[in-house]
Trainee: 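Before I ask anything, let me first share the structure, which is written out below as structure tokens.
Remember, predicted model here, so these are calculated numbers, not experimental data. A note on names: the letters A, B, ... follow the listed sequences, proteins ahead of strands, and every chain is numbered from 1. No hydrogens, no waters, no symmetry mates; every other heavy atom, side chains included, goes into these values.
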Amino acid sequence: MTIRRANFLTDIIDADLAAGRVTRVATRFPPEPNGYLHVGHAKSICLNFGLARDYAGTCNLRMDDTNPVKEDVDYVLSIQKDVRWLGFEWAGDVRFASDYFEQMYAAAERLIECGDAYVDHQNVEEIRQNRGDFGRPGVDSLFRTRSVAENLILFRAMRSGAFVDGTCVLRAKIDMSHPNLLMRDPLLYRIRHAHHHRTGDTWCMYPMYDYAHPLEDAVEGITHSICTLEFESNRELYDWVLDHTRNADGEPWNPRPRQYEFARLGLGYTVMSKRKLLQLVEEKRVNGWDDPRMPTIAGLRRRGVTPEALRDFADLIGVAKNNSLVDIGKLEFCVRQDLEKRAPRAMAVLQPLSLQLTNWPLGHTDLLTIPWKSGESATRQVPFGREILIERDDFSEDPPADWKRLSVGKEVRLFGAYFVRCDEVVREDGEVIGLRGTVDLDTRGGETKDGRQPAGTLHWVDATHALDCELRLYDRLFTVEQPDADGDFLPHMNPDALQVLQGQMEPAAAELPAGTHVQLMRVGYFFSDPVDSEPSKPVWNRVIGLRDTWTKAPGRTDGRPDRRKEAPEARKDLPGKDATQKKNRVEWRAERRASTPELAAAHGRYCALGLDADAADLLSEEVAIVAFFDQALRAHPNPLSLSRWFLNDLEGLRKGRPLGEISLDGATFGHFVALVDGSRITVQAGKQLLAHLVANGGDPVALIAAMGLGKVDDNSAIFAAVDAVLASMPGEVTRFRAGDQKLLGVFIGAVLKQLRGSADAGAVRQSLLERLKE
RNA sequence: UCGGGGAUCGUCUAAUGGCAGGACCGCAGACUCUGAAUCUGCUCAUCUAGGUUCGAAUCCUAGUCCCCGAACCA
């Protein structure tokens, strides 16, 4: 049973289900088949398929193949393979946007018939020019006012192949001065005489993403269409398309899909854009899409990362809307955690250093039995002879004080075998080429009866029985955390991201079944390369090294920058702004008042009433507010109280909606505030009531009775509640008496909740303090 | 310049007016036939300034910073 992690999307789905907006959950994962999937897609896959699983819904796999010049059937296959490998199965067959081309076309004709779309003959340059920009509205196309009949003829001609690429396009007729540039008559269809990987030459025009995607979702009955943050602006167009099209029965889409956006995965020390990944592959800077250095799913799989680790990673990083850069250490953690559990242990040395054991009988081999994993019963045989290979790094002529490895005169344990001591160093041209030492024959199996402790325990292999193997060590693909932060990412490539070593491995490792993940003791987790490995020449990929708290102890050598903010910096916003800077809200309102006498008068009146400048300023922002507030003032002439409730509470409750659209008028609002001021209802309960009034309207007095919000002045009721609450929280009471003052709020909250907000918070507080003193 | 988003430990993410929590990283210790794993403990955060409230990460006001958007790409 998987534990569902809550995030803003599960909140939305819970609310949708509770409100009955949807009765089931249907999601989709919609890649464009123009590249291989990467770990960022893995996050999205886990999200979409995970949501479907958690809510017993469905998730479709859909190829968003609306641009034939970039897409390829190879990618279609690799995508399916990767999704399955990650452990997910889609509902029904794989879907293709191209399967809906006929329906999309029909919907486009209907759009034309309704006057919502037109064929534009402007060229690319003209269209761009006339779209305007952030500071300038666009201009209508000369072709915008063509008749429906003419548009229909032209559009059909587009389909029939009467035009060459670029001659014309179909555009939605929305608004060329819309502040959202995507809404300035967006393109719906463009002509492309191109061969499509599925529809072949059936079509010579193809729908654009913004038109196609909502229809794909709607046709499939998707309820929650989840995409990444950069599509936030597209949502308005997504909704427009669904609002202006109908299903096959001519009905509005039901369920009506909704788009939600989450932050895509940003991962340190790598690049994630398909374009850049493609560039690495095409320029042969890596060895294909499945190069183990690549963040592609294929690359991670070949390197030896498991689907479980990737899914754990997706869970670990969560889902939110913050722009985030995930520390690659989190992925490494998940990989280690997963491999730690599953990997049998074996020994291999990366850079061998010979150790001759001078007291070991010549030609004799001892066969030791060592468990594959400590504490488990499965074992393997490990030969031990006169010449042993140890790791070059495990010997030091000049060791630091805390050296736990071999040095001259020191004794170490060879894992699972014997204690050995180093007696002398063998040199050639001054360089260490080997060691000579002695073995304690009484320590077979690595134990000694006299309780002697060796300096440390090393991994090793027997020189005469060791197997040659290629060991590929991987490191981060880039040397900086954000290779694509600015300019070219290529110069930041890590030349040492792949290091190939010829190592020596214990013979039993060859018996391990293919696809086994193994921990080479003290070196890391390895995975037999599924492509280049051969029985005669095994190739092992290091998935990830072991956590190392020693080699980089004094000063970190991994180069990870500390992103901690530097100490309290000088305030930047200190000097007064010069007047030439952009207008702020206050100035904007002042200008409005200057040009609207009614607002200016209201402002003056409110100031005279004793309101402070800020409040008066805000209340005279627009005529509707003034009218509302004046009405309230007539019902309850307490300007201060009214302004506080209006500004601090009502403004939040109406969430930007015009005052005319909420179910509460000024007089009722005034009446409401009078009730609070007259102690008929507490502030706490007042907030509940106001929220209800804004949402549903009604008569405040009647509602107080109906909702049971009337103020309780009866102290005995408060005492009873206080006692009940304190009795139910003995632990908290003890902590409070021990000095944890924060808990007073918890108690107040609990009492108020029990009394449904109908008691005065001050009185509750008093009562609690008295009781707690005892 | 306009529109849309976002801001909580170094990192990722919770807390939906009531004890700022978890995880990664880091540090310290215990244990150890892997300087691993395991176990224990510790360090560390609400962008700023005002306001409302008994009580604010959360509501209001003003500001600051960051991201996205002007392909016949998705």
Side-chain angles (χ1 to χ4, degrees), chain A residues 5-7 11 30 32 34 64 66-67 70 123-124 127-128 131-136 138 165-166 169 178-182 184 187 189-192 208-210 213 229-236 261 263 268 274 316-327 329-330 333 336 340 345 374 402 404-405 413 415-416 445-447 454 456-459 519 521-523 546-551 553 560-565 571-573 582 584-586 614 618 644-645 647-649 651-653 683-684 687 732 735 740 742-750 752 760-762 764-765:
Chain A
R5 287 180 77 89
N7 57 52
D11 289 348
E32 182 187 12
N34 69 343
D64 209 359
T66 57
N67 186 0
K70 287 166 66 179
N123 63 35
V124 192
I127 287 178
R128 189 177 6 194
R131 183 150 35 215
D133 58 35
F134 297 143
R136 206 164 36 100
D165 291 8
V169 292
H178 200 288
N180 180 353
L181 266 56
L182 285 171
R184 317 245 260 226
L187 274 59
Y189 274 90
R190 78 293 216 186
I191 296 173
R192 276 259 209 287
M208 301 287 290
Y209 168 86
D210 283 314
H213 207 86
L229 248 31
E230 66 268 28
F231 290 95
E232 279 168 333
S233 301
N234 302 63
R235 186 177 57 232
E236 195 169 12
E261 310 86 18
K274 276 193 194 172
L316 182 73
I317 59 176
V319 177
K321 298 188 76 157
N322 302 341
N323 292 305
S324 54
L325 181 64
V326 174
D327 185 345
K330 286 186 174 52
F333 166 79
R336 284 197 188 99
E340 157 66 24
R345 271 54 166 171
S374 168
D402 59 347
K404 294 174 72 171
R405 309 178 188 185
R413 170 166 43 222
F415 182 88
E447 300 285 356
T457 302
L458 308 184
H459 60 282
Q519 184 197 104
M521 296 190 77
R522 306 210 306 133
V523 178
L546 258 27
R547 184 162 167 267
D548 183 355
T549 52
W550 185 73
T551 55
R560 183 184 308 153
D562 194 339
R563 284 196 252 161
R564 204 184 302 252
K565 301 170 191 121
R571 294 277 308 275
K572 281 183 292 202
D573 51 348
K582 73 169 181 181
N584 61 30
R585 303 273 305 171
V586 179
D614 283 348
L618 259 8
R644 284 189 176 159
W645 276 99
L647 262 14
N648 290 318
D649 294 283
E651 283 295 77
L653 256 12
V683 170
Q684 174 99 357
K687 293 192 184 194
E732 282 81 354
R735 275 165 54 208
D740 197 347
K742 284 175 299 192
L743 290 167
L744 184 58
V746 178
F747 299 138
I748 295 175
L752 253 20
D760 178 67
V764 169
R765 182 194 176 88

Trainee: Would you say B:rA74 has OP1 or OP2 under 4.0 Å from some side-chain N or O of A:T66?
Mentor: yes
Trainee: Is the shortest side-chain N/O distance from A:R136 to OP1 or OP2 of B:rG3 below 4.0 Å?
Mentor: no
Trainee: Remember a base hit wins even if backbone is also touched, and classify A:F415 as base, sugar-phosphate or nothing at under 4.0 Å, heavy atoms.
Mentor: base
Trainee: Donor-acceptor pair under 3.5 Å: do we get one between A:E732's side chain and the base of B:rC19?
Mentor: yes
Trainee: Mind checking the C1' distance from B:rA49 to B:rA56? Whole angstroms is fine.
Mentor: 15 Å
Trainee: With centres under 5.5 Å and planes under 30° as the test, does A:F134 stack with B:rG69?
Mentor: yes
Trainee: Give one of base, sugar-phosphate or nothing for A:F747, where a contact means two heavy atoms less than 4.0 Å apart.
Mentor: nothing
Trainee: Base, sugar-phosphate, or nothing for A:L743, non-hydrogen atoms under 4.0 angstrom?
Mentor: base
Trainee: Whether A:R136 and A:D133 form a salt bridge (side-chain N of Lys/Arg under 4.0 Å from carboxylate O of Asp/Glu) is what I want to check.
Mentor: yes
Trainee: Roughly, in whole Å, what's the span from NZ in A:K330 to P in B:rG10?
Mentor: 12 Å
Trainee: Is there a donor N/O on one and an acceptor N/O on the other, under 3.5 Å, for the side chain of A:K687 and the base of B:rG17?
Mentor: yes
Trainee: Search all heavy atoms of A:R192 against all heavy atoms of A:N67 and return the closest pair with its distance.
Mentor: NE-OD1, 3.6 Å
Trainee: Measure the distance from OH on A:Y209 to P on B:rG69 and round it to the nearest whole Å.
Mentor: 13 Å
Trainee: Considering just the side-chain nitrogens and oxygens of A:K742, establish if one lies under 4.0 Å of OP1 or OP2 belonging to B:rG55.
Mentor: no
Trainee: What's the shortest heavy-atom distance between A:L187 and A:M208, and which atoms?
Mentor: O-CG, 3.4 Å
Trainee: Rounded to the nearest angstrom, tell me the gap between atom CG in A:N648 and atom P in B:rG55.
Mentor: 13 Å
Trainee: Give me the distance, rounded to whole Å, that separates B:rA57 from B:rC19 when you measure between the P atoms they each carry.
Mentor: 9 Å
Trainee: Given the C1' atoms of B:rG10 and B:rU1, what is the spacing between them in whole Å?
Mentor: 36 Å
Trainee: Please report the distance, rounded to the nearest Å, between CG in A:N234 and P in B:rA74.
Mentor: 11 Å
Trainee: Got a salt bridge between A:R184 and A:E236, using NZ or NE/NH1/NH2 to carboxylate O under 4.0 Å?
Mentor: no
Trainee: Classify the side chain of A:E651 and the base of B:rU61 as holding, or not holding, a donor-acceptor pair under 3.5 Å.
Mentor: no
Trainee: Can you tell me, in whole Å, how much space there is between the C1' of B:rA62 and that of B:rG22?
Mentor: 34 Å
Trainee: Please check the phosphate of B:rA62 (OP1 and OP2 only) for any side-chain N or O of A:R585 closer than 4.0 Å.
Mentor: yes
Trainee: With a non-hydrogen cut-off below 4.0 angstrom, is A:E236 in contact with a base, only sugar-phosphate, or nothing?
Mentor: nothing
Trainee: Quick one: is B:rG26 close enough that its OP1 or OP2 comes under 4.0 Å of any side-chain N or O from A:R547?
Mentor: yes
Trainee: Answer yes or no: does a side-chain N or O of A:R522 lie under 4.0 Å from OP1 or OP2 of B:rA36?
Mentor: no
Trainee: For the C1' atoms, the ones on B:rC47 and on B:rU53, what distance do you get once it is rounded to whole angstrom?
Mentor: 23 Å
Trainee: Using the C1' atoms only, state how far B:rG21 lies from B:rU61, rounded to an integer number of Å.
Mentor: 30 Å
Trainee: With a non-hydrogen cut-off below 4.0 angstrom, is A:G762 in contact with a base, only sugar-phosphate, or nothing?
Mentor: nothing
Trainee: If each of A:L752 and A:Y189 is mapped to the nucleotide of RNA chain B with the nearest heavy atom, which maps nearer the 5' terminus, i.e. the 5' end?
Mentor: A:L752
Trainee: I'd like the P distance from B:rA28 over to B:rG50, given in whole Å.
Mentor: 40 Å
Trainee: If I take atom CD in residue A:Q519 and atom C1' in nucleotide B:rU38, what distance separates them, rounded to the nearest angstrom?
Mentor: 14 Å
Trainee: Charged N to carboxylate O below 4.0 Å: is that the case for A:E340 and A:R547?
Mentor: no
Trainee: Does A:R235 make a side-chain N or O approach to OP1 or OP2 of B:rG69 shorter than 4.0 Å?
Mentor: no
Trainee: Give a yes/no on whether any side-chain N or O of A:R190 is located under 4.0 angstrom from OP1 or OP2 of B:rA74.
Mentor: yes
Trainee: So, does A:N322 get its side chain near the phosphate of B:rA7, meaning an N or O under 4.0 Å from OP1 or OP2?
Mentor: yes
